[in-house]
Every structure is written in C-alpha cells, then in structure tokens.
Amino acid sequence: MCLRRTSFTQWYRKTLSHSTLSVDAKDQSESTGKLLSFKVRKDGGEVLAEAPEAYPGVRMNRKLVLKKDKLTDIYTALSDDEHLYDYVLILTEKPVFSQAGESINLNDSPAYSYIKDAVIRKQSFPISCKVGNASLVIHMPDKQDFEVITGEAPEFRRATEVYWQSMIRLSAILSLYESRIKTLR
C-alpha cells in the first residue's frame, strides 16, 4: 500500500495530472494566476484567467464559456520561442474516435510514463469524439498540425475507476498557441 501511495503522490503533484497546459514536458513553476473576469448569465457564464509566470517566457490565459449545455474552453499561450505544448484534459470516460490511432510510448519526462496504453492521432483539421453522451470537438486556429494523444491515467480513489488522459500536442515556431475545445451534450 505504501508504494501505491508514493506513486499517487508523485503523479498528482505533476502538471500533467491536471486539466491544464504543460510546456516542454515540464511542471509549472509555483505561481499565482489572476482572475481577469467572471460573468454570470441566465444561460451560463464566462470566466477569464491568466498565468503569466507559470513557465518562463510563456504568457498563458484561459477562457471558459458556458452557454446552455455547451462549454467552450479556449486556452492561449504566447511566447517568442518554440515550445512543445501539451493541453491536457482528464476525462472520466474513454473518448471514442471515428479514426484509428497508433500506439505511442510516452517518455517525454518521468510524469509521462504514468500514462498507459497511449494512442496518437495526427491532425490538421478539427477532430471530434464521443465521451459518454457528450461530443468533444477539438480544433486549432489556422489549420495548424497537432496531435491528439489519449491514454489511461492513474486513479487512486477506487480500484474500479479509470480516468482517461487526453492531450493535444503542438510543437511550433510561433508566438501563439490556441486551442478551442467544445463539449456538447
């Protein structure tokens, strides 16, 4: 049991184990983000936050918009240098894609070794999948090439629960990384 708790602690202290952005396969620095706006509407709401110091030289902001049963997650990263961006979503159900993927061994950093049965899908256009009874649509601006990697993430609370890691990966020499995720019920 002690070994399992140690693995649990190591995994959940990593940026990769959260629904956020990882840069260059590294953990975020300890930093404080800032809430820029919070709006409540009858049919949902909107929140905008920034984290300018999570990674040196990378300015990040995230906007979540809920409108009825549709959630749009817009994550933007600005930098003058090339970076590998992994936008991570932790899902409670396995995503089902219409297109097949290829098996991949994730070894970018020790945290990535926790992801099992990883599959990669290379894209240059929007990709969608089913997650339970919801649809998930992923697209990048300007038809940028990107990869969607899915795999099984560790779960500690109950042995019967499995969490699925979904990751959008972009490596580019551009100053803007932006992904848009829409979940429709």
Side-chain angles (χ1 to χ4, degrees), residues 11-12 14-23 27-55 58-79 83 85-99 115 121 123-158 161-170 172 174-185:
W11 167 247
Y12 282 99
K14 300 296 181 189
T15 300
L16 190 66
S17 70
H18 302 281
S19 292
T20 191
L21 187 71
S22 172
V23 179
D27 290 321
Q28 290 183 0
S29 301
E30 279 192 42
S31 61
T32 303
K34 181 178 179 184
L35 181 64
L36 301 176
S37 70
F38 184 88
K39 300 174 186 171
V40 178
R41 299 188 183 104
K42 285 184 179 182
D43 63 346
E46 181 179 304
V47 63
L48 176 63
E50 70 176 357
E53 299 172 2
Y55 292 97
V58 179
R59 297 168 309 283
M60 301 187 304
N61 72 43
R62 188 174 197 175
K63 181 178 184 179
L64 296 167
V65 180
L66 179 63
K67 190 165 187 177
K68 294 186 180 180
D69 59 355
K70 180 172 136 181
L71 176 66
T72 302
D73 186 354
I74 303 169
Y75 215 126
T76 305
L78 297 167
S79 176
H83 292 283
Y85 297 103
D86 287 335
Y87 175 69
V88 180
L89 296 173
I90 304 295
L91 306 170
T92 56
E93 296 184 49
K94 183 177 182 178
V96 178
F97 293 86
S98 60
Q99 53 277 71
I115 308 299
R121 291 166 183 82
Q123 300 296 137
S124 60
F125 51 87
I127 184 171
S128 63
C129 64
K130 290 294 233 177
V131 181
N133 62 357
S135 295
L136 183 68
V137 180
I138 303 165
H139 65 90
M140 304 294 278
D142 303 324
K143 297 186 180 180
Q144 296 173 12
D145 291 337
F146 64 98
E147 301 167 340
V148 175
I149 301 170
T150 57
E152 188 177 325
E155 169 51 28
F156 184 77
R157 288 176 284 179
R158 296 186 192 125
E161 287 184 0
V162 174
Y163 281 69
W164 291 90
Q165 186 94 7
S166 292
M167 183 169 23
I168 303 163
R169 175 168 281 184
L170 174 69
L174 50 104
S175 61
L176 171 68
Y177 165 87
E178 183 176 282
S179 64
R180 293 176 183 263
I181 308 292
K182 293 184 180 181
T183 304
L184 311 168
R185 286 238 176 242

For residues 41-51, which side-chain N or O atoms pair as donor and acceptor with protein atoms under 3.5 Å away, sequence neighbours left out?
| from | atom 1 | to | atom 2 | distance (Å) |
| --- | --- | --- | --- | --- |
| R41 | NH2 | E46 | OE1 | 3.3 |

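Rounding to the nearest 0.5 angstrom, the gap separating the CG atom in L89 from the NE2 atom in H18 is 14.0 Å. Note that the OG1 atom of T20 and the OH atom of Y87 stand 8.0 Å from one another [nearest 0.5 Å]. Interatomic distance, CD1 of I74 versus OG1 of T76, reported as 7.0 Å (0.5 Å rounding). Here the CZ-CG distance, from R62 to D73, works out to 4.0 Å after rounding to the nearest 0.5 Å. Distance check: F97 CZ to R121 CZ gives 5.0 Å after rounding to the nearest 0.5 Å. Here D145 contributes atom CG and Q123 contributes atom CD; the two are 9.5 Å apart, rounded to the nearest 0.5 Å.
Proximity of S31 to Y55: side-chain heavy atoms (C-beta onward) are nowhere separated by under 4.5 Å. For the pair N61/Y75, no side-chain contact is recorded, criterion being any heavy-atom separation below 4.5 Å from C-beta on.
The nearest pair of heavy atoms linking S135 to K130 is OG-NZ, 3.4 Å. The minimum heavy-atom distance linking H83 with V58 is given by the pair NE2-CG2, 3.7 Å. Heavy atoms only, all atoms of each residue included: R59 and S79 are closest at NH2-N, 4.4 Å. The two atoms that bring S19 and I90 nearest to each other are OG-N, 3.0 Å, heavy atoms only. Between T15 and L21, the shortest heavy-atom distance links the atoms CG2-O, 3.7 Å. Scanning all heavy atoms of the two residues, the minimum distance from I115 to G151 falls at CG2-CA, 3.8 Å.
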Point to revise | side-chain contact (heavy atoms from CB on, under 4.5 Å) between V65 and L71, worked out | key: CA-CA 6 Å; V65 180; L71 176 66; over 6 Å; no
Practice item. Take L136 and C129 through the test side-chain contact (heavy atoms from CB on, under 4.5 Å) and record every step on the way to the result. Key: CA-CA 5 Å; L136 183 68; C129 64; 3.8 Å; yes
Point to revise | Trace of the side-chain contact (heavy atoms from CB on, under 4.5 Å) decision for M60 with Q28 | key: CA-CA 11 Å; M60 301 187 304; Q28 290 183 0; 3.9 Å; yes
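In this view, S128 and V137 satisfy the side-chain contact (heavy atoms from CB on, under 4.5 Å) rule, not counting sequence neighbours.
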